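What follows is one structure encoded as structure tokens, with my remarks underneath.
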Protein chains: 2
Amino acid sequence: MQNYQIDNLDRSILHALMDNARIPYAELAKNLAVSAGTIHVRVEKMKQAGIIKGTKVAISAKKLGYDVCCFIGINLKNAKDYPDTITKLDALEEVVEAYYTTGNYSIFIKVMTRSIDHLQTVLISKIQAIDAIQSTETLISLQNPISRDVIP
Amino acid sequence: MQNYQIDNLDRSILHALMDNARIPYAELAKNLAVSAGTIHVRVEKMKQAGIIKGTKVAISAKKLGYDVCCFIGINLKNAKDYPDTITKLDALEEVVEAYYTTGNYSIFIKVMTRSIDHLQTVLISKIQAIDAIQSTETLISLQNPISRDVIP
DNA sequence: TATGAAAGACCGCTCCC
DNA sequence: GGGAGCGGTCTTTCATA
């Protein structure tokens, strides 16, 4: 089940579910001109294969007051401090994503904050306060024109 | 309804729905020691307020064969080429996110590819082929230790 | 005003074709 | 892959604190 090859129907189902995970199977079936049972079988198959990991609600961070999105490239003093630093970053609720990367930075994180002031506080008092961090570089996101998932 | 302030119950509901958007309201109600009707009212309110934007399935890009995740910082020859470049990037299915940022790069994108070879093809034949792009800098993600949404 | 309980409609799951 | 029946869930309404 590891490398289950999806076909066009699976692809269409994925696209529809990406848009709305709670769409009734019957409606989906009607749109795709197949029966509801078929939809069910395909979805089950993709769940079994691990392609569909689960369902999530899409939250508007903005409506919750989190207006500022930015990326921070982090350089560590020693590469061996990586696991420790991740643990510390994980404890910060403002850090929503972290990546261990090759290239200019050791760690690359995405941070959501309520305001520029809030960002400054997080950056100075929380992130740069971590001993193992040598330097940081901040990229503030002004717009997010593309945001989607990859479905071949 | 713009700035609806969520309370602890709303927060708990959001957390539960983030984990599994299809959890029965009855079960959620039981876990939170309230009635299913109350859950329904709260969810409706948050939908109205735009806090809940919709539901999505979580897809495993890896299972679909997309193993390589990387970030690419892009510098444009002219800032005015921004909208055009976004349009061109949007046409590339491998580009899953794009940000207009302050700092070292004009545009910052996230790219998912099937392999390093595939990445190379996309980078050279598709991204660097865009005229307005002056230079790029690639950060390949080796690990993604933190990945979540911000819920205060 | 917000919550809790119950009834009806709808949907999803399963079996058989 | 298609179609029908059963079981479960969601939604709505009404009463209540």
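Because only heavy atoms are used, hydrogens play no part in the values below, and waters and symmetry mates are left out as well, while side chains stay in. The structure displayed is predicted, hence computed values, not measured ones. Each chain gets a letter, A, B and so on, in the order its sequence line appears, and its residues count up from 1.
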Q) So what does B:Leu9 hit on the nucleic acid, given a heavy-atom distance under 4.0 Å: a base, only sugar-phosphate, or nothing? A) nothing
More than 12 heavy atoms from other groups under 6.0 Å of NZ on A:Lys77:
yes
When B:Arg22 and B:Asp7 are each assigned the nearest nucleotide of DNA chain C, the 5'-most assignment goes to B:Asp7
Ranking B:His40 and A:Val41 by the position along DNA chain D of their nearest nucleotide, the one closer to 5' is A:Val41
Where the side chain of A:Arg148 meets the backbone of B:Val95, is there a donor-acceptor pair that is under 3.5 Å apart?
yes
5'-most to 3'-most nt of DNA chain C touching chain A (<4.0 Å, heavy-atom partner on protein side) reads C:dG12 to C:dT14
Checklist entry - Would B:Glu137 and B:Tyr105 satisfy side-chain hydrogen bond (donor to acceptor under 3.5 Å, both in side chains), going step by step from the backbone distance to the final call? => result CA-CA 9 Å; B:Glu137 212 163 88; B:Tyr105 314 109; 2.5 Å; yes
*Should the heavy atoms of other residues, nucleotides or ligands under 6.0 Å from CG of A:Asp131 be counted, would the total exceed 12?*
no
Rounded to whole Å, NZ of B:Lys45 lies from P of D:dT11 at a distance of 16 Å
Side chain to side chain contact (heavy atoms under 4.5 Å, CB included) with B:Val68: of B:Val122, B:Ile116, B:Asp117, only one passes, and it is B:Ile116
Using a 4.5 Å cut-off on heavy atoms from C-beta on, say whether the side chain of B:Thr85 contacts that of B:Ile130. yes
Partner of A:Ile107 under side chain to side chain contact (heavy atoms under 4.5 Å, CB included), picked from A:Leu76, A:Asp81, A:Thr101, is A:Leu76
Terminal axes of the helix from C:dT1-D:dA17 to C:dC17-D:dG1 (5 end pairs apiece), angle rounded to 10 degrees, sit apart by 30°
ILVMFWY network linking B:Ile124 to B:Ile72, side-chain heavy atoms under 4.5 angstrom: no
Do A:Ile146 and B:Phe108 land in one hydrophobic cluster if side-chain heavy atoms of ILVMFWY residues count as linked below 4.5 Å? no
Sorted by number, residues from residues 28-39 of chain B placing a heavy atom under 4.0 Å from DNA chain D are none
*N/O donor-acceptor pair under 3.5 Å between A:Thr38 side chain and A:Val34 backbone*: no
* Asked: Counting distance only, does the side-chain N/O of A:Arg22 pair as donor-acceptor with the main-chain N or O of B:Lys56 below 3.5 Å?
  -> no
Rounded to whole Å, the CD-P distance (B:Glu44 to D:dC10) equals 13 Å
Check whether any side-chain nitrogen or oxygen of A:Arg42 sits under 4.0 Å from OP1 or OP2 of D:dG1, and answer yes or no. yes
